[in-house]
Each structure stands twice: as C-alpha cells, then as structure tokens.
Protein chains: 2
Amino acid sequence: MNEAPGVMEQTREAVQRAARELGYQPNAAARALRSRSSRLIGCLFSDLENPLYTRLFNSLQDRLADEGFVTLITASAGKLDREKQAISIFAERGMDAIVIAPGHQQDPEIVQLLEKFPAPIFVLDRDIPIQADRLVFDHFAAMDLAVGHLAKLGHRSILPVFSHQNTRPGLMRHAAFDAAMRGAGLTPGARVEPETPNTPVFREVQAALSCDDRPTAMIVQGTHVLPSTLNALANLRLRVPEDISLIAVGDSALAEEHVPPITALRLDRSALVEEITARVLARIRGQATEVSEKVLGYQLMERASCRRSIA
Amino acid sequence: MNEAPGVMEQTREAVQRAARELGYQPNAAARALRSRSSRLIGCLFSDLENPLYTRLFNSLQDRLADEGFVTLITASAGKLDREKQAISIFAERGMDAIVIAPGHQQDPEIVQLLEKFPAPIFVLDRDIPIQADRLVFDHFAAMDLAVGHLAKLGHRSILPVFSHQNTRPGLMRHAAFDAAMRGAGLTPGARVEPETPNTPVFREVQAALSCDDRPTAMIVQGTHVLPSTLNALANLRLRVPEDISLIAVGDSALAEEHVPPITALRLDRSALVEEITARVLARIRGQATEVSEKVLGYQLMERASCRRSIA
DNA sequence: CTGAAAGCGCTAACAT
DNA sequence: ATGTTAGCGCTTTCAG
C-alpha cells in the first residue's frame with residue numbers, strides 16, 4: 001500500500017485496486033498513533049494580514065504537501081496568550097515540526113514553552129533565545145540598498161515609516177536605517193513609527209510632509225502602512241515619483257500593481273521556502289545535527305516610483 | 001482528567017496535580033483513534049487575501065478553540081485541483097466538520113467528493129448542489145441598499161466594479177445590481193468586470209471615467225479592486241466624495257481607515273461566526289436533524305464617501 | 001517476499 | 001465512585 005520497497009509489482013497493484021474498489025481511506029489518527037508521527041507541520045505567525053506570511057504559508061503548504069505533510073497555520077494578531085495557546089496546541093497535537101515568527105520574541109513563558117517543545121522548531125527572523133534552526137533577514141543590507149539607491153538619486157532627506165514592534169524586523173530596521181543614512185553621508189531626520197504594521201499612518205505622514213523643508217523620499221513598510229501613505233500622498237496632491245520618491249519594504253501585489261509600480265525590497269520567497277522545507281524535512285528525518293542559522297538578503301526591485309531629487 | 005461528572009473533587013485534583021508534576025501531555029492521535037473524533041475542523045476558502053475570509057477564520061479559530069476544536073485552513077487560490085486535494089486531505093485526516101467556500105461550485109468532481117464526505121459540511125455563500133447546512137448572503141438586498149442610497153443622493157449613473165467569478169457572489173451581484181438599478185428607475189450602463197477579485201482594475205476604471213458623461217458614483221468590490229480603483233481616482237485627480245461617490249462591497253480595514261472613510265456594505269461577522277459555530281457544533285453533537293439554510297443580510301455602513309450628485 | 005501478532009495511548013463499557 | 005478491560009486501525013517486528 002505505502003510504496004514499500006521489495007513488494008512484487010503484481011501484489012502491489014492488486015492491493016491498490018482492491019483498496020480503490022472498497023473505497024478504503026487510511027486513518028490518519030491510527031497512523032499517527034502507531035508511527036509516532038502526525039505528518040502535521042504547524043506555523044505560528046504574528047499576522048495573517050501581512051502578505052509575506054500569507055504567501056509564505058501558501059508556498060509552504062504546496063511544498064510540504066508534496067512530501068505528504070499537512071500545514072497548519074495560526075495567527076496570533078500579536079496577542080501573547082494566543083501565542084502561548086498555539087504553542088501548547090501544537091505540542092498536544094504532536095506536530096512533527098513548527099515554523100514560528102511570533103509577535104513576542106523575549107517573553108519568558110514563550111521561551112520556556114519552546115525550550116521543552118517536543119519537536120523541531122524553525123525560527124523565522126526572530127531573536128528568540130533558544131537553540132533552533134533559524135533564518136533571519138538582512139535588514140542592514142536592505143536599508144543600505146534602499147537608502148543608497150535614493151542617495152544616488154540625490155535625495156538627502158528621507159522619511160522612514162516602519163512600525164516599532166518589539167521583534168527583530170522592527171528593532172533592526174530603525175537601527176539599520178540610521179546606519180545606512182550615516183553610511184551615505186546623510187543625517188536621519190523625522191520619522192513615523194506606527195505601533196504595529198497594521199496601524200494607519202495617514203495623519204502622521206501628512207504632518208511629516210507638510211513642513212517647509214519636506215522629505216523628498218520615503219521608505220515605507222509594505223502592509224497597512226503603504227495604503228495609508230498612498231492615501232496621504234493623494235490627499236496632499238503629491239505625485240509619485242514627480243514630487244516624492246517611494247520605496248516599499250517588503251513586496252506585495254499592491255506595490256507591483258500600483259500605477260506607477262512601486263520600487264520594493266523583496267525577499268526571494270522561493271529561496272525562503274526552500275530553506276525552510278529543506279531544514280524542516282532534514283530535522284524530521286533526523287539527518288540534521290548542527291543547528292543552522294542562515295541570513296537571507298533582500299533584493300531591490302527597481303520600478304517606477306523613484307526619481308532624481310528635485311530639491 | 002477530562003472533567004467527567006461524578007468524580008470526587010479530591011480525586012480530580014489529585015489526578016490533575018500528578019499530571020502536571022509528571023508533565024503529562026495527552027496524545028491527540030490516540031484520543032482521535034479511540035473516540036472517533038479528531039476535534040479538527042477544516043476550512044476551505046477560495047482566497048486568503050480576501051479580508052472577509054481572513055477575519056472569519058480568525059474569529060472561527062477563537063470561537064471553536066473555546067469548544068476544544070482546532071481549526072485548519074486551506075486556500076485554493078481558486079485552483080480546482082487544490083480544492084479537490086484539500087477535500088481529500090480533510091477526509092483522510094478525519095475532520096469532524098468542514099466549512100467551505102470554494103472557487104468552484106458546480107464542478108462534478110468536487111460535488112462528488114462532497115457528497116461522500118464522511119463528516120458534516122457547512123457551505124458559505126455557494127450554490128453547491130448538495131444537501132448541507134448553508135448560509136448565503138443576500139446580494140439582492142445589498143445592492144438595493146447601495147443603489148438606493150446613491151439614487152436618493154441624486155446619482156443616476158453608477159459604475160459597478162465586481163469580479164465576474166463563477167460562484168454565487170459574482171453571479172448574483174451583477175444580476176442584483178441590474179435589478180436594483182431598474183428598481184430605482186435607473187438604467188445600468190458601463191461596467192467593469194475583473195476576472196477575479198484580485199485583478200487590478202486601474203486601466204479599466206480610468207477608461208470608464210474618462211468619457212464625457214462619466215458616472216458620478218461607483219460600487220466597488222472590497223479586495224484588490226478597491227486599492228486599484230483608489231489609485232485610478234487619485235491619478236485622474238477625482239476627489240472622493242466631491243467629484244465621485246464610492247461604496248465598497250464588503251468592509252475592510254482599508255475602507256474604515258481611508259481618508260475619507262468609505263461607505264461599505266458590511267456583513268455582521270459575529271452573527272456569521274455564531275451561525276457557523278452553532279450549526280457545526282450541533283451537527284457534530286448529532287443534535288441537528290433538518291438541513292439548515294439561512295440568509296444573512298448586509299448592512300450599509302454610511303461613512304464619508306458619498307455625497308449628493310453634482311450632475 | 002509475504003502473513004501473523006503485538007501494541008502505540010487512549011476512552012467506552014463494564015464490573016466492582 | 002472507582003478500577004479493569006478491550007480495542008480503535010494502523011505499522012513494526014518477527015516468523016515463515
């Protein structure tokens with residue numbers, strides 16, 4: 001039945017046919033009980049509205065389905081107790097592995113739950129203090145790319161709009177932006193820091209762009225922040241890129257399909273998915289030994305939203 | 001252990017304490033095998049990028065978690081084979097029930113898979129020809145509400161922008177819009193019909209609004225269609241609501257947070273979640289007998305995007 | 001290469 | 001009110 005090696009072709013086919021005729025459905029619970037493997041992989045992401053995670057989940061689901069695994073997702077909306085609950089459920093349900101990017105990376109209870117988690121853990125761009133396979137994004141190189149691109153176009157005043165969440169991406173981006181500015185010989189100025197990536201920033205962006213000496217370029221987070229930024233620009237009658245240049249952090253359908261298309265920092269999603277599946281499968285099969293920590297860079301997708309500074 | 005009735009308080013507590021001290025984790029697979037119930041509920045939605053489904057999934061997950069169920073989601077991105085695969089996986093994995101809003105409602109293979117599905121099915125706004133509990137949305141009343149609202153403001157030429165998908169919402173909305181127009185004594189005119197709700201409509205909207213006698217109002221689907229419509233309006237320098245009135249079909253963070261906030265047709269999500277959970281739980285517990293078919297209306301959230309017609 | 005037997009960890013049914 | 005027993009449907013192991 002299960003493609004075991006060393007079975008006569010004839011027998012195999014006879015069995016398969018009989019199974020089909022009888023409408024036989026293998027029972028996953030019995031299988032899991034006996035084989036001590038649920039063939040279930042859990043994902044815990046902070047935010048289902050972030051297109052990165054949605055797309056990633058879709059790809060992972062596809063890729064892992066090929067290997068016979070079912071992928072489960074939980075989104076915590078950043079709520080601590082939902083994250084704890086999700087990890088507990090993953091443990092109870094006997095996930096064969098989990099992939100996590102929680103909204104809380106230092107909470108002691110989360111750390112403790114993860115330390116005694118009974119299956120392999122893959123951590124995605126979070127500085128959680130546990131031994132686990134990990135992939136982090138290179139936010140410093142990314143900001144160098146974005147700021148460098150704008151500096152080369154003559155922009156000297158750049159407005160960053162990233163949320164100030166307490167996880168790695170938020171923490172790193174601000175430091176990385178400042179470093180990149182200094183690296184380009186520029187001085188960081190005003191900034192907009194929404195509480196979460198899903199906080200609208202209409203008012204704040206409008207205020208930051210209404211002064212006399214307004215920034216000539218922006219680097220903007222690609223979730224809710226980008227729509228409300230575009231809303232503010234339309235309201236101020238500022239055209240992209242004639243009046244202001246724009247780079248999105250994280251690529252999305254919105255950035256690609258906007259008119260004009262918006263230059264964006266993009267992660268190579270297929271590399272991301274490959275790294276995660278390769279690692280997770282190796283762990284499940286017991287092939288991995290050393291903990292793996294990799295860094296993934298962003299690429300700058302140059303589109304039509306940046307232009308030489310008018311200032 | 002399991003809160004069974006008729007156990008001495010003392011015994012119960014002793015057991016609970018021992019369990020905690022030993023770090024006992026019940027095994028979900030064994031439980032599922034023995035009790036013939038996985039306590040798993042599967043959702044199959046056509047589109048994870050539709051905020052209705054994302055929000056619904058979040059609420060369902062919360063609500064069903066209280067009852068001890070784990071909610072699983074699969075998005076098919078409208079692909080037929082992914083939908084078939086998802087249903088098969090749900091069957092294999094012994095879901096206790098499934099909630100479905102697939103992108104294909106008439107495909108014979110899908111119908112056949114659902115007919116012999118071994119657990120209760122709840123159908124969400126789809127005309128799938130099977131016997132199953134069902135909740136459908138009242139698209140006719142919704143369009144009456146939206147068109148009526150605009151007609152009362154003096155609008156006579158209204159541009160509808162809904163996708164022309166082959167499922168109930170798409171099929172109904174076009175008919176409902178035409179009926180509502182005639183009901184208000186108006187004549188349907190130009191329309192934009194993107195292939196899917198995720199198709200950008202910048203060009204088509206721009207074209208439709210560039211004629212001499214342009215529509216003074218629009219009714220626009222609330223997914224990717226709304227951002228690209230706003231993009232087109234900004235590009236044409238048309239202000240909402242001064243130059244054109246706007247109603248979104250389906251509420252979203254974007255509609256609420258936009259400046260000005262966009263009037264939207266909203267579903268009462270808590271009623272939606274309650275109906276689904278109540279029905280699904282009753283089925284699982286064997287309490288339901290008759291197939292239930294309910295209709296849920298939309299409410300018109302009047303916000304600042306509509307104004308008396310200037311024409 | 002194939003058939004038979006044991007048992008994964010629970011819960012339902014029954015006996016006490 | 002508590003203790004005991006059988007067996008859910010598979011896979012693993014061992015014997016033929």
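So that the names make sense, note that chain A is the first sequence line, chain B the second, and so on, each numbered from 1.
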Write out a two-atom table: protein N or O, nucleotide N or O from nucleotides 4-6 of chain D, distance below 3.5 Å.
none

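Rounded to an integer number of Å, the gap from A:Glu13 CD to C:dT2 C1' is 18 Å. Atom C1' of nucleotide C:dT11 and atom CG of B:Asn27 are separated by 13 Å, given to the nearest angstrom. The distance between atom CZ of A:Arg36 and atom C1' of C:dC8, rounded to the nearest whole Å, is 6 Å. The separation between B:Arg31 atom CZ and C:dA12 atom P is 10 Å, rounded to whole Å. Rounded to a whole Å, the CG atom of B:Leu22 is 15 Å from the P atom of C:dG9. Put simply, CG on A:Leu33 is 11 Å from P on C:dT11, counting in whole angstrom units.
When the nucleotides C:dC10, C:dC8, D:dC10 are ranked by their closest atom to the side chain of B:Ala30, C:dC10 comes out on top.
Listed for the A:Thr71 side chain is no donor-acceptor partner under 3.5 Å among the backbone atoms of A:Ile41. Although no hydrogens or angles enter the test, the distance criterion places no donor-acceptor pair under 3.5 Å between the side chain of A:Arg279 and the main chain of A:Val291. The closest donor-acceptor contact from the side chain of A:Asp133 to the backbone of A:Ser292 lies under 3.5 Å.
Using a 4.0 Å cut-off between charged nitrogen and carboxylate oxygen, B:Arg269 and B:Asp251 do not count as a salt-bridge pair. The pair B:Arg63-B:Glu67 meets the salt-bridge criterion, since a charged nitrogen lies less than 4.0 angstrom from a carboxylate oxygen.
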Review item, side-chain donor-acceptor pairs of residues 94-105 of chain A, under 3.5 Å, at least two apart:
residue	atom	partner	partner atom	Å
A:Asp96	OD1	A:Ser38	N	3.0
A:Asp96	OD1	A:Ser38	OG	3.4
A:Asp96	OD2	A:Ser37	OG	2.8
A:Asp96	OD2	A:Arg39	N	2.8
A:His104	NE2	A:Gly78	O	2.9
A:Gln105	OE1	A:Asp127	N	2.8
A:Gln105	OE1	A:Arg168	N	3.1

